[in-house]
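All remarks here apply to the structure that follows.
All figures in this text were calculated on a predicted structure; none of them were measured in a lab.
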Amino acid sequence: MRSIILLSLAFLLACSRPTKEESKNVDLEKITIPIGDNASLPYLITGEDESLYFSWVEKKDSGWVELKYSKMVDNVWSAPAVIARGNDWFVNWADYPMVAVDSDGNMLAHYLAKSASGTYAYDVNIVMKKAGESVWSDAMIPHDDNTPTEHGFATMLPQGNGSFQISWLDGRNTGGGDHESHGGGGAMTIRTAVLDMDGNLTEENVLDQRVCDCCQTTGANTTNGPVVLYRDRSEMEIRDLSIVRKINQAWTKSVPVYQDNWNIAGCPVNGPRVDAAGNTLAVAWYSAANNQPEVKVAFSSNGGETFDQPIMIDQTSPLGRVDLAMINEQKAIVSWLTSENGKTVIKTQFVEANGALSEPMNIAETSESRGSGFPQLEKFGDEVYVAWTVFEDGEESEIKMIKLPITN
């Protein structure tokens with residue numbers, strides 16, 4: 001009986017799934033954004049203060065880099081403000097800076113800065129701005145190992161009372177800051193701590209002792225508490241997604257989101273993205289198990305304790321680089337890169353927990369190169385904003401942004 005039900009469900013989902021040829025180009029509203037020259041690495045977030053924020057990086061002369069942000073005010077982006085600047089940063093196409101904002105308006109931002117001469121010797125640096133103030137704090141480092149190894153791919157989740165749950169990939173056991181020694185020692189770990197606006201760290205924990213080395217982590221706040229998702233790594237080099245949940249102030253053991261059984265002897269640099277609406281989670285990810293590239297979305301109605309069977313988004317020629325935002329407790333929107341008619345295209349699609357899919361929408365053509373980065377999307381009000389990096393004249397980078405309405 002159970003097999004009949006599963007087969008029937010699979011048939012219904014397949015019938016609801018538009019084909020690649022049904023993808024449509026849509027009229028999109030271009031958004032004016034306050035960027036300077038050579039801008040890249042966009043990030044969009046709706047803060048818990050219910051405001052929309054946009055951050056990005058601008059490369060300057062002599063190796064200097066500035067991290068800037070803007071806030072949406074009356075449907076217009078505010079004048080840009082500098083969060084931090086430096087000439088010792090590790091600017092990485094996949095490990096981009098982010099901001100987080102709590103319900104009071106307290107802000108955190110993170111970026112990477114070199115810790116030694118090794119290519120992959122760098123630290124997570126976090127700066128803070130208290131609500132109502134205009135000055136950002138000096139940078140603090142949430143890990144205290146002082147090793148010249150890789151630290152990055154941080155996630156920051158507001159927890160109330162001016163505190164944030166921070167998690168990051170920590171390479172203190174890997175043995176070195178270059179690819180020759182990277183991974184030659186112990187494994188990459190994922191760690192966490194709670195950071196308050198005075199820079200105090202508490203509740204430091206190791207979430208997993210062996211994880212994939214360079215895929216993005218992601219997290220969300222559910223009704224039950226924060227969750228963190230990441231690409232795991234088994235002794236047999238299976239690199240599927242895992243989730244840990246903080247329940248009653250204690251972290252659960254990691255469990256798989258879904259077992260793709262992707263065996264790959266190297267980091268795919270393609271992490272998951274999760275969002276929450278109440279106690280409902282939706283997670284998007286890329287896998288290429290058995291040399292079959294796929295983008296999938298799975299929903300959980302119990303805060304990540306269990307997940308429904310994945311919904312196939314694309315299994316033609318996707319490149320991954322996913323993002324996802326919840327529309328409501330039954331619906332999300334996902335974005336990803338795919339190859340289509342010899343071109344690389346940014347696509348979005350609405351997906352419902354019952355498996356129903358809208359027609360995929362072509363947002364823009366882009367490049368599959370690392371420099372094009374990871375397109376970003378975020379729901380705000382009754383619209384979805386999408387931002388991505390493009391190149392002018394093959395060298396100068398620029399950010400484009402559009403918005404599209406949420407369909408019923």
Side-chain angles (χ1 to χ4, degrees), residues 28-93 95-102 104-113 124-139 154 156 158 164 197 323 325 364 366 371-381 383-393 395-403:
L28 304 168
E29 183 178 346
K30 297 180 180 178
I31 304 299
T32 300
I33 51 179
I35 58 171
D37 294 336
N38 215 4
S40 63
L41 305 181
Y43 180 67
L44 290 165
I45 186 69
T46 301
E48 293 202 346
D49 63 347
E50 299 184 351
S51 295
L52 182 63
Y53 294 84
F54 164 46
S55 67
W56 68 96
V57 161
E58 292 178 11
K59 292 185 177 180
K60 305 296 183 180
D61 293 335
S62 303
W64 281 87
V65 181
E66 290 184 347
L67 174 59
K68 295 182 176 181
Y69 85 99
S70 177
K71 178 180 177 180
M72 180 68 73
V73 179
D74 296 329
N75 295 315
V76 177
W77 288 111
S78 65
V82 175
I83 296 173
R85 57 167 59 92
N87 62 358
D88 61 346
W89 289 18
F90 183 80
V91 181
N92 185 285
W93 67 286
D95 194 354
Y96 40 88
M98 298 181 183
V99 298
V101 188
D102 70 10
D104 295 322
N106 295 308
M107 294 186 67
L108 258 60
H110 74 70
Y111 59 90
L112 305 176
V124 175
N125 282 240
I126 295 177
V127 290
M128 298 169 278
K129 185 176 77 67
K130 293 182 178 180
E133 297 183 1
S134 59
V135 177
W136 289 80
S137 71
D138 293 335
M156 305 180 297
F164 292 74
M197 293 302 294
D323 201 0
T366 185
S372 65
F374 285 68
Q376 302 289 304
L377 64 76
E378 183 69 7
K379 172 188 177 291
F380 185 63
E383 296 168 314
V384 174
Y385 287 74
V386 185
W388 67 97
T389 302
V390 298
F391 290 90
E392 300 293 341
D393 301 323
E395 293 183 4
E396 292 291 315
S397 59
E398 184 182 1
I399 297 170
K400 301 288 188 181
M401 187 182 296
I402 59 91
K403 67 178 179 180

Note, [X] side chain near [Y] side chain (heavy atom, < 4.5 Å):
{"X": "L44", "Y": "F380", "result": "no"}
{"X": "N38", "Y": "E58", "result": "no"}
{"X": "P42", "Y": "T389", "result": "yes"}
{"X": "K130", "Y": "M128", "result": "no"}
{"X": "L41", "Y": "V91", "result": "yes"}

Under a 3.5 Å distance rule, please check whether [X] uses its side chain to pair with a backbone N or O of [Y] as donor and acceptor.
{"X": "K30", "Y": "T32", "value": "no"}
{"X": "T46", "Y": "L52", "value": "no"}
{"X": "D102", "Y": "P158", "value": "no"}
{"X": "N106", "Y": "A131", "value": "yes"}
{"X": "E383", "Y": "K403", "value": "no"}
{"X": "S70", "Y": "F54", "value": "no"}

Show the nearest heavy-atom pair for residues [X] and [Y], with the distance to one decimal.
{"X": "P375", "Y": "W388", "answer": "CB-CB, 4.1 Å"}
{"X": "P34", "Y": "S78", "answer": "CG-O, 3.5 Å"}
{"X": "A139", "Y": "V127", "answer": "CA-CG1, 3.7 Å"}
{"X": "V124", "Y": "A154", "answer": "CG1-CB, 4.3 Å"}
{"X": "S55", "Y": "L67", "answer": "CB-CD1, 4.4 Å"}
{"X": "A387", "Y": "I399", "answer": "CB-CG2, 4.4 Å"}

Atom pair [atom1]/[atom2] of [X] and [Y] - distance to nearest 0.5 Å:
{"X": "M98", "Y": "L108", "atom1": "CE", "atom2": "CG", "answer": "13.0 Å"}
{"X": "S137", "Y": "I126", "atom1": "OG", "atom2": "CD1", "answer": "9.5 Å"}
{"X": "W136", "Y": "I83", "atom1": "CH2", "atom2": "CD1", "answer": "4.5 Å"}
{"X": "M72", "Y": "Y53", "atom1": "CE", "atom2": "OH", "answer": "12.0 Å"}
{"X": "N92", "Y": "Y111", "atom1": "CG", "atom2": "OH", "answer": "16.0 Å"}
{"X": "D88", "Y": "N125", "atom1": "CG", "atom2": "CG", "answer": "7.5 Å"}

So does D37 have more than 12 non-hydrogen atoms from other groups sitting under 6.0 Å from CG? no

State yes or no: are the ring centers of Y96 and W56 separated by less than 6.0 Å? no

For the residue pair W64 and E66, confirm or rule out a side-chain donor-acceptor distance under 3.5 Å. no

What orientation do Y385 and W77 show, parallel under 30°, tilted 30 to 60°, or perpendicular over 60°? perpendicular

